Structures are given as structure tokens and as C-alpha cells.
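First up is the structure itself, then whatever we jot down about it.
No experiment lies behind these values; they were computed from the predicted model shown.
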Amino acid sequence: MDEEIKLIGERLKGLREVLEITAEEMAETYGCDVDKYMAVENGDAEPSVSALSKVAKKYDVELDVLMFGEEPHMRHYFLTRKGQGKSIERRKEYKYQSLASGFRGRNFDPFLTQVDPLPGNAKHAQNSHSGHEFLYMIEGCLEVTIGNKVMVLNEGDSIFFDAKQPHAMRALEDKPARFLAIVN
């Protein structure tokens, strides 16, 4: 996981240098202060998929290039077999598997996502980004907080929301929660 995070930071730095963008401008696009952005770029802080998506959209690069270092090539379809999607772990307890990593020019990004339980009643920090998110629960129980509203999703439940609203997710019942997340 640490090596993946460092590689994402190196790709962000490379993009910034190639486009001759200041760290301040990139931090603004990323949605944080310069110190936090530089920690991500240096591989000392975990990257946010939603923030990477903002950078990818603004600078017209594929999200996959930033996340996985690979340019997608397919234009008509892209098949992902069970368990074969490109994976990234943001944190030990947060895993993403891209379900369309090889398709160019996507308007949204589908992920098979797993959130593992945190110790005690710990919660993830809320984040926000442009666009929308759709979550469909596959297994487990997930607490979703949007602003001050706290909801519990179980298998078969779904939620669609404005991702500009601060939001966070937490697995409940001491078991991982698996869900389909579609982000645009």
C-alpha cells in the first residue's frame, strides 16, 4: 500500500512539472492547502480518489493514469472479470477496485469498494468533491454520513447524493461493508 501511495504522489508531481503548474495551483484543484498537497505528492499522506478525480478532470488526464500509471485504451467496451479490476488501497481499511480502468474517456468511475471496520466508534473524516456518487450495497452494513444526516445501508440498499456535501462512510457490525460506488 505505501508503495502505491508513493507512486501516485510521483505521478501527481510529474503531471504538475510537465504542465508547469505551481504547487499552490495544484493544491487548490486538489482541494486542500499546499502543505497537505505536498504531503500527498511526497507519498507521506494518503491520496483521495475524489481529489484525484478533480485533478484528472481539470487537466484532462485519465484518472487511471494518476491512480495506476496506465493509460486506458478501450473505446467501445471494457470487460472486467470477477476479482480482476485494478485495485488501490487508500488506507488499510478502505479498498477500491476499478471496474472500468481500461475504458478511455469515461464520464463516471465505477468501483467495487470495501470499507473495513475501524476500532471502537472511530469514524473516517468527511470529504467532498464535485459531481455525484451512487452507492449500492452488496454485503455488510454501512453507515453513511452526509452533512449531519447519518443513515445505515444494508445489503440491497442504495443511495445517490450530491458529492459536494461533506460525506463519510463507516462499516458497522465489526464486518467489512462491500458496495458498488459510482462517482462522476
Decide if atom [atom1] of [X] counts as having more than 12 heavy atoms of other residues, nucleotides or ligands within a radius under 6.0 Å.
X     : atom1 : answer
Lys36 : NZ    : no
Lys13 : NZ    : no
Glu17 : CD    : yes
Tyr77 : OH    : no

Side-chain contact test, heavy atoms from C-beta onward, threshold under 4.5 Å: evaluate it for [X] versus [Y] and give yes or no.
X      : Y      : result
Leu112 : Leu99  : yes
Leu15  : Val55  : yes
Val152 : Cys141 : yes
Met151 : Ile146 : yes
Tyr59  : Leu19  : yes
Met38  : Val34  : yes

Would you please name every residue forming a side-chain hydrogen bond (donor to acceptor under 3.5 Å, both in side chains) with Arg104, sequence neighbours left out?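 By the side-chain hydrogen bond (donor to acceptor under 3.5 Å, both in side chains) rule, Arg104 matches no residue at all.
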Sorted by chain and number, sequence neighbours left out, side-chain hydrogen bond (donor to acceptor under 3.5 Å, both in side chains) with Gln126 holds for none
Nearest heavy-atom neighbours spanning [X] and [Y]:
X      : Y      : value
Met169 : Val115 : O-CG1, 4.3 Å
Tyr30  : Ala51  : O-CB, 3.3 Å
Met74  : Phe78  : CG-CD1, 3.7 Å
Leu52  : Leu66  : O-CD1, 3.6 Å
Phe111 : Met67  : CE2-CE, 4.1 Å
Pro72  : Asp64  : CD-CB, 4.2 Å

Under 4.0 Å between a side-chain nitrogen and a carboxylate oxygen: does that hold for Asp116 and Lys175?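 No, Asp116 and Lys175 are not salt-bridged.
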Is the gap between the ring centers of Tyr136 and Phe179 under 6.0 Å? no
Under 3.5 Å side-chain donor-acceptor pair for His132 and Asp162: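 Short answer, no.
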Tell me whether Val150 is reachable from Val144 by hopping between hydrophobic residues (I, L, V, M, F, W, Y) whose side-chain heavy atoms are closer than 4.5 Å. no
Taking salt bridge (Lys or Arg N to Asp or Glu O under 4.0 Å) as the cut-off, I'd like each qualifying pair that reaches into residues 134-144, sequence neighbours left out, listed once. Lys123-Glu143, Glu139-Arg178, Glu143-Arg170
Of Pro47, Ser48, Cys32, which meets side chain to side chain contact (heavy atoms under 4.5 Å, CB included) against Val40?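 By the side chain to side chain contact (heavy atoms under 4.5 Å, CB included) criterion, Val40 pairs with just one of Pro47, Ser48, Cys32: Pro47.
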When Arg11, Arg16, Lys6 are each screened for salt bridge (Lys or Arg N to Asp or Glu O under 4.0 Å) with Glu41, the one that passes is Arg16
